[in-house]
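Structure, as C-alpha cells:
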2 protein chains.
Amino acid sequence: MEYMTKAAASTDEPQWLTAEEQRIWRSYLHATYLLEDHMDRQLQRDAGMPHVYYGLLVKLAESPQRRLRMTELAMHAKITRSRLSHAVARLEKNGWVRREDCTWDKRGQFAVLTDQGMEVLRNAAPGHVATVRNALFDRLTPEQQKSLGEIMEIIAEGLQPDEAGADLPWLR
Amino acid sequence: MEYMTKAAASTDEPQWLTAEEQRIWRSYLHATYLLEDHMDRQLQRDAGMPHVYYGLLVKLAESPQRRLRMTELAMHAKITRSRLSHAVARLEKNGWVRREDCTWDKRGQFAVLTDQGMEVLRNAAPGHVATVRNALFDRLTPEQQKSLGEIMEIIAEGLQPDEAGADLPWLR
DNA sequence: GCCCATTTGTTTAATCTTCAAGGACAGGAC
DNA sequence: GTCCTGTCCTTGAAGATTAAACAAATGGGC
C-alpha cells in the first residue's frame, strides 16, 4: 500500500502527501514521540511523575499564592477538567498539592502547591532544564530555534481552543 | 517561581532557559500536544482507533505479505514489545489483525493485516491525510516545511534507539 | 421568591500505557 | 546430550487518559 503518496492525482482523489511531505510528517511523528518519551522518562525517574503532572506543578508555582482554580489550571495546562481531577487526586496523595474550597463559590476548588511540592519542583527543575537543553536547544542553530518557534505557533494557532471551524473550511 | 529562566547565571547554577528559549519550548509543547490530540480524535472518530494503532496498520500494509514479526513491528513503530502485545490483542479482537506462528522460530509470531483491516485503512486514509494537510502542510510555507523536516531529524537523531550517551555528555 | 440553563468539579467504567516478571524457545559452550 | 545466556513474546497489575453521566451551586429571567 502506498499509504499517503500518489504518483499522479486523478479526478477527485484525495490529495495524498508527496514523498517529501510524507518524509517530513514521519520525521515529525518520530521526533516528537521520542522527545516526549524522553522527557517523561527523565521526570518519572527524577521526580516521580509524568511530564504533564510536572507541568501542573509549574503552573501552580507560577501563580499568585501558588494556587489556581481547577478550571483555570485545566485551561492553562490545556487539559480537560476530568483529567485534571484525576491528576490532582494523585498529586494530592503524594502531598505535592492540596485542595482548598473556594469561599465565594461553593462549587469551586483551588489546587494549591504545597511546600513539599515546591521542594520537589526545585529539585527536579535543573535536571529537567538540562534535559531540554541537551535534547533540543544544544542541537539547533539559532535560526533553527527561531524557525521552530514560528512553526509551532502556526500549528497551535490552527488548532486553538475549541477548533471552531476546523472542519468548516468555508469559515476559514 | 521563575521555572526555567534566570536573569544572570551565577557560579555552577544550572543553565536555565532564556526567555526566548522558554517561549519556543512552550510553543513546541503546546503545538505538539494539540496536533497529537487532533489526530487522535480524528482517527478515533473516523476509524475507531488511536493514532498509534493506525500507525501499526500502516506499517503492516506497507510490508511484504502485509505481515511483520512482532519485534520488527515494534521496532518500526518505536514502541515496546509489551505495548505492541496489548495493541495487537485489541486489533485482533477487532478483526483487523491476525496472529500467525512463525514456522522456523517457534517463539516467533507474525502480525498479519487482515482484509478487513486493509479495508478500514483504505476508508480512513483519505480523511487522515486531509487532516494532516489541514493542520500542518497547508499552513506552512515550503521553506518552513523543509526547515521542520530538518529540525525534526536532528531531534530524533539525538534521541535515537537506546539513547546511548544521552546523559553521558563526555561521550558526545 | 421560583425556574432553568450553565458552570464547576467529580465519578465511573472502559481503554491505553508502563513496568516488572515470567514462560518458552534458540543457540552456543562444554 | 546438558547448561547457560539471551531473545521473543505475553501477562498482570498499577497508573494514566478518555468519555459520559452526574450532583451541587450559580446566576439570570421572570
Side-chain angles (χ1 to χ4, degrees), chain A residues 33-34 36-45 47-57 67-94 96-112 161-162, chain B residues 33-34 36-45 47-57 67-94 96-112 161-162:
Chain A
Y33 175 76
L34 286 180
E36 179 56 19
D37 191 63
H38 188 58
M39 301 309 301
D40 254 338
R41 285 177 198 286
Q42 183 265 321
L43 283 170
Q44 192 70 55
R45 177 166 47 78
M49 67 189 125
H51 192 187
V52 176
Y53 288 26
Y54 182 85
L56 295 177
L57 297 194
R67 82 191 48 215
L68 235 33
R69 285 286 293 270
M70 293 295 281
T71 295
E72 283 182 288
L73 180 50
M75 287 192 310
H76 281 257
K78 276 99 186 174
I79 63 178
T80 62
R81 283 192 301 267
S82 172
R83 184 174 178 183
L84 181 61
S85 262
H86 291 294
V88 168
R90 205 276 229 176
L91 292 172
E92 198 171 22
K93 195 181 310 185
N94 286 51
W96 300 336
V97 166
R98 168 171 32 95
R99 286 183 216 247
E100 275 183 22
D101 293 340
C102 176
T103 325
W104 60 90
D105 184 342
K106 288 177 187 168
R107 297 168 302 181
Q109 290 271 103
F110 283 97
V112 188
D162 61 307
Chain B
Y33 174 76
L34 286 180
E36 179 56 20
D37 191 61
H38 188 59
M39 301 309 300
D40 255 337
R41 284 177 198 286
Q42 183 264 322
L43 283 171
Q44 192 70 55
R45 177 166 46 78
M49 68 190 124
H51 192 187
V52 176
Y53 288 25
Y54 183 85
L56 295 176
L57 298 194
R67 82 190 49 214
L68 235 34
R69 285 285 294 269
M70 292 295 281
T71 295
E72 284 182 286
L73 180 50
M75 288 193 310
H76 282 258
K78 276 97 185 176
I79 63 178
T80 62
R81 282 191 300 261
S82 171
R83 186 175 177 181
L84 180 61
S85 263
H86 290 295
V88 168
R90 205 277 228 177
L91 293 172
E92 198 171 22
K93 195 181 310 184
N94 286 55
W96 299 336
V97 167
R98 168 172 30 97
R99 286 182 216 248
E100 276 183 21
D101 293 340
C102 176
T103 325
W104 62 88
D105 184 343
K106 288 177 187 169
R107 297 167 302 180
Q109 290 272 103
F110 283 96
V112 187
D162 61 307

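Computed over heavy atoms, backbone and side chain alike; hydrogens, waters and symmetry mates excluded. Naming: A, B, ... by sequence-line order, numbering from 1 per chain.
- Among residues two or more places apart in sequence or in another chain, the side-chain contact (heavy atoms from CB on, under 4.5 Å) test is passed with Lys106(B) by none.
- In this structure, Asp40(A) contributes its side chain and His51(A) its backbone to a donor-acceptor pair below 3.5 Å.
- Nucleic acid contact for Thr71(B): sugar-phosphate only, since backbone atoms but no base atoms lie under 4.0 Å from a heavy atom of the residue.
- At a threshold of 4.5 Å between non-hydrogen side-chain atoms, the residues Leu56(B) and Ile79(B) count as touching.
- Listed by chain and residue number, Tyr33(B) satisfy the side chain to side chain donor-acceptor pair (under 3.5 Å) test with Arg83(A) (two or more places apart in sequence, or in another chain).
- Contact between Arg90(B) and Gly48(B) at its shortest, heavy atoms only, is NH2-O, 3.2 Å.
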message = Is there a side-chain contact (heavy atoms from CB on, under 4.5 Å) between Asn94(B) and Met49(B)? Walk through the geometry before answering.
response = CA-CA 10 Å; Asn94(B) 286 55; Met49(B) 68 190 124; over 6 Å; no
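- Going from atom CG of Leu73(B) over to atom P of dC8(D) covers 14 Å, rounded to whole Å.
- Nearest heavy-atom pair across Ala47(A) and Trp96(A) is O-CH2, 3.5 Å.
- The heavy-atom pair separating Arg99(B) from Gln109(B) by the smallest distance is CD-NE2, 3.2 Å.
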Restricting to nitrogen or oxygen on both sides, can you table the protein-nucleotides 16-20 of chain D pairs closer than 3.5 Å?
residue : atom : partner  : partner atom : Å
dA16(D) : OP1  : Arg90(A) : NE           : 3.3
dA16(D) : OP1  : Arg90(A) : NH2          : 3.0
dA16(D) : OP2  : Arg90(A) : NE           : 3.3
dT17(D) : OP1  : Arg83(A) : NH2          : 2.6
dT17(D) : OP2  : Tyr53(A) : OH           : 3.3
dT18(D) : OP2  : Arg83(A) : NH1          : 3.3
dT18(D) : O4   : His86(A) : NE2          : 3.0
dA19(D) : OP1  : Arg41(B) : NH1          : 3.2
dA19(D) : OP2  : Arg41(B) : NH1          : 3.0
dA19(D) : N6   : Ser82(A) : OG           : 2.9

Which pairs would a plain distance check flag for residues 67-75 of chain B, meaning a side-chain donor or acceptor within less than 3.5 Å of a matching protein atom at least two apart in sequence or in another chain?
residue  : atom : partner   : partner atom : Å
Arg67(B) : NE   : Gln65(B)  : O            : 3.4
Arg67(B) : NH1  : Glu100(B) : OE1          : 2.6
Glu72(B) : OE1  : Arg69(B)  : N            : 3.4

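- Closest approach of Leu91(A) to Tyr53(A), counting heavy atoms only: CD2-CD2, 4.0 Å.
- Here chain B contacts DNA chain C (any atom closer than 4.0 Å to a heavy atom, that is under 4.0 Å), and the contacts span dC16(C) to dA26(C) from 5' to 3'.
- Rounded to whole angstrom, the span from the CE atom of Met75(B) across to the C1' atom of dC8(D) amounts to 12 Å.
- Across residues 96-110 of chain B, Asp105(B), Lys106(B), Arg107(B) each have a non-hydrogen atom less than 4.0 Å from an atom of DNA chain C (numbered order).
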